[in-house]
*Asks:* 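Quick one: this structure, given as structure tokens, is what I'll be asking you about.
Any value given below was found using the heavy atoms of this structure, including those in side chains, with hydrogens, waters and symmetry copies removed. Here the structure is a predicted model, which means the values were calculated and not measured. So you know, we letter chains A, B, ... as the sequences are listed, proteins then strands, and number each from 1.
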Amino acid sequence: DAEITQSPRHKITETGRQVTLACHQTWNHNNMFWYRQDLGHGLRLIHYSYGVQDTNKGEVSDGYSVSRSNTEDLPLTLESAASSQTSVYFCASSDASRTDTQYFGPGTRLTVL
Amino acid sequence: DAKTTQPPSMDCAEGRAANLPCNHSTISGNEYVYWYRQIHSQGPQYIIHGLKNNETNEMASLIITEDRKSSTLILPHATLRDTAVYYCIVRGRFQGGSEKLVFGKGTKLTVNP
């Protein structure tokens, strides 16, 4: 069955370290999204991509970057992790013709000490 | 982007209908109303969406008022597994025709035995 996976599921890192969170989907969806979720803020969009080599900034993109070299993967990189980036991160994907129905991964809980 | 207003929490008895309201008074004519839910520690799950007419699927019904300024998500026979945070979302539009979902804080629905 097609699915969307995230790894690692839990990560603890130190301030200043570079961290990469992986997202992999097997639906062959063109659209992929990264969100973060914090208490009191709901889900906020970090970056999104509408296809290979396409990336766009969301509402909270500072300190994050993404690259899309193939259809299946959209890794999220924290160039220099900060304590404010402690959060739960969700990846999602959707078909190009149905951007409404986004399928979400199980999430990655990141703690920056 | 149009904004939505939802009550922060609601309770419902198991087996009864759960009616979750949402106000979106600034919705534009071409914007859809979407509902997602998030069960504790899981990624959000798509439920239903609509433009003008009422919609029904295997999970829920969506009632949109004639002026489109508000809507109600109906879970006809709520179960304990429906306990979750429910998000009412109006689809925004970026430049270039790209679209994204903006998640607010949602309604925490608790289904009681």
*Asks:* Just by modelled atom types, is the B:I64 backbone N or O under 3.5 Å from a matching donor or acceptor in the B:N54 side chain?
*Replies:*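 Yes; at least one donor-acceptor contact below 3.5 Å.
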*Asks:* Is there a side-chain contact between B:Y86 and B:L75 (heavy atoms, below 4.5 Å)?
*Replies:* yes
*Asks:* Please check: side-chain N/O of A:T26 versus main-chain N/O of A:E3, any donor-acceptor pairing under 3.5 Å?
*Replies:* yes
*Asks:* Chain B heavy atoms under 4.5 Å from A:Q37: which part of the residue, side chain, backbone, both or neither?
*Replies:* side chain
*Asks:* Any donor and acceptor pair, going by atom type alone, linking the side chain of A:H47 with main-chain N or O of A:W34 inside 3.5 Å?
*Replies:* no
*Asks:* Between A:D38 and A:R44, does any side-chain N to carboxylate O distance fall below 4.0 Å?
*Replies:* yes
*Asks:* Write out, in numerical order, the residues from residues 105-113 of chain A with a heavy atom short of 4.5 Å from a heavy atom in chain B.
*Replies:* A:G105, A:P106
*Asks:* Ion pair present between B:R37 and B:D82, side-chain N to carboxylate O less than 4.0 angstrom?
*Replies:*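 Yes.
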*Asks:* Which answer fits B:Y32, side chain, backbone, both or neither, if we ask what part of it has an atom under 4.5 Å from a heavy atom of chain A?
*Replies:*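 Neither part.
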*Asks:* Using a 3.5 Å distance criterion without hydrogens, assess whether the side chain of A:Q25 forms a donor-acceptor pair with backbone atoms of A:N28.
*Replies:*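 Confirmed, A:Q25 side chain pairs with A:N28 backbone.
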